[in-house]
Amino acid sequence: MSTTDRRTLLKSLALAGGAAAAGAAPAAAAREPREPPPAAMGMLYDTTRCIGCKACVFACQQANDLEPDTSPDGLHLAPVDLNGRTKNVIKLYQEGERRSYMKAQCMHCVDPACAGACMLGSLKKDEVTGVVGYDPSYCVGCRYCVMACPFNVPKFEFDRAVPKIVKCELCRHRIQGAVAGRGADGFTRYPDGHGPACCEVCPRQAVVYGRRDELLDEARRRIAEHPGRYYQDRVYGEVEGGGTQVLYLAHVPFAKLGLPELGERGVPHVAYTVQEGIYKGFIAPVALYGVLAAVMLRNRKRPEGGAQKGGPA
Ligand code: SF4
Ligand code: SF4
Ligand code: SF4
């Protein structure tokens, strides 16, 4: 079994455990693969256009009112990976002469493992846009979503008295209630001009926002226009892990950029199959619910602010 297969299986088992704890034990045969909603919104990131300026990192931090993050060597606003203060990061892959930038944030999976693992519905996929949003008011900090995500996206605020999950929500707070229309560049835009902050500021259109089907068309157009430029003439996210609403075009192997080689089935789909094999309709562990409810109550009683290393005790 390869490392990737093993990692996917472990995540599937974590997810299966979460779903079983929630008492949701549908039969594997009844779990059809999910389709993106008709108005699924997303982003297309193209490594061949990115110059690594990190304007998107700064814009994301501002638009989401996140505290400035620093790199381990003390550089301001230079996070090396996603973390409790960073929803979007630009990384550099370099091997000999070969190099590429890589933008990482939530992939807004068509069948999100995080939402499948969340017992209390804090993480939910919007039925219209497909954006995977987070409502902290139900979150008990169990971190099942952290374990389940095949892209290692959700991060936990370990240094907060009342820690929550941090992840990109496709800037849904900036576009809520607006009606979509097409912009001059052909991509879907909102009349007030607000889309995801990272896409708005990108000086190279290395990351663009739009409907998933339009973005797929655009990706295929770029591949056809530039034969040999893109890795395997492939759009990552079209089918990987059941499909994602954030899509990638790259000039180097996707695995080098940290994108896992997933099958065409979503992690929840795999998980329910595993779960059916393991639990066979096992009754939800009520005691676990009791513990989680106690944690939630305790978290709510704690005052805001104040550092706490190592997460909730
Ligand atoms: S990338 Fe991870 S956090 Fe984002 S929707 Fe998919 S499973 Fe959830
Ligand atoms: S969509 Fe918004 S939250 Fe997500 S990476 Fe872009 S700026 Fe950050
Ligand atoms: S703003 Fe655009 S070009 Fe600059 S780092 Fe982000 S994606 Fe790349």
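In each ligand, atom 1 is the first atom listed, and ligand 1 is the first ligand listed.
Using a cutoff of 4.0 Å between basic side-chain nitrogens and carboxylate oxygens, Arg234 and Glu261 are scored as salt-bridged. Salt-bridge check for Arg85 with Asp159: passed, with a basic side-chain N closer than 4.0 Å to an acidic carboxylate O.
Scanning all protein heavy atoms for the shortest distance to atom 4 (Fe) of ligand 1 gives Cys106 SG, 2.4 Å. Distance from atom 5 (S) of ligand 2 to its nearest protein heavy atom, with residue and atom name: Asn88 CB, 3.4 Å. For atom 8 (Fe) of ligand 2, the nearest non-hydrogen atom of the protein is Cys60 SG, 2.3 Å. Ranking the protein heavy atoms by distance from atom 6 (Fe) of ligand 1 puts Cys109 SG, 2.3 Å first. For atom 3 (S) of ligand 2, the nearest non-hydrogen atom of the protein is Asn64 ND2, 3.3 Å.
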Check your understanding: Run the side-chain contact (heavy atoms from CB on, under 4.5 Å) check on Val252 and Thr47 step by step: do they pass?
Key -> CA-CA 9 Å; Val252 299; Thr47 61; 5.7 Å; no
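Looking only at side-chain heavy atoms (C-beta outward), Glu238 and Arg220 come within less than 4.5 Å of each other.
Residue contact annotation: Val201 has no non-hydrogen atom under 4.0 Å from ligand 3.
Close approach to Ala113 involves these atoms of ligand 1, each under 4.0 Å from a residue heavy atom: 7 (S). Those atoms of ligand 3 that come under 4.0 Å of a heavy atom in Lys54, given as number and element, are 4 (Fe), 5 (S). Near Phe151, meaning under 4.0 Å from any of its heavy atoms, are these atoms of ligand 1: 1 (S).
Atom 2 (Fe) of ligand 1 has an N, O or S atom of Cys149 under 2.8 Å away, backbone or side chain. Inclusion of Cys198 in the first shell of atom 4 (Fe) of ligand 2 is not supported: no N, O or S atom falls under 2.8 Å. At least one N/O/S atom of Cys202, whether from backbone or side chain, sits less than 2.8 Å from atom 2 (Fe) of ligand 3.
Using a 30° and 60° split on the angle between ring planes, Tyr236 and Phe254 fall in the tilted class, from 30° to 60°.
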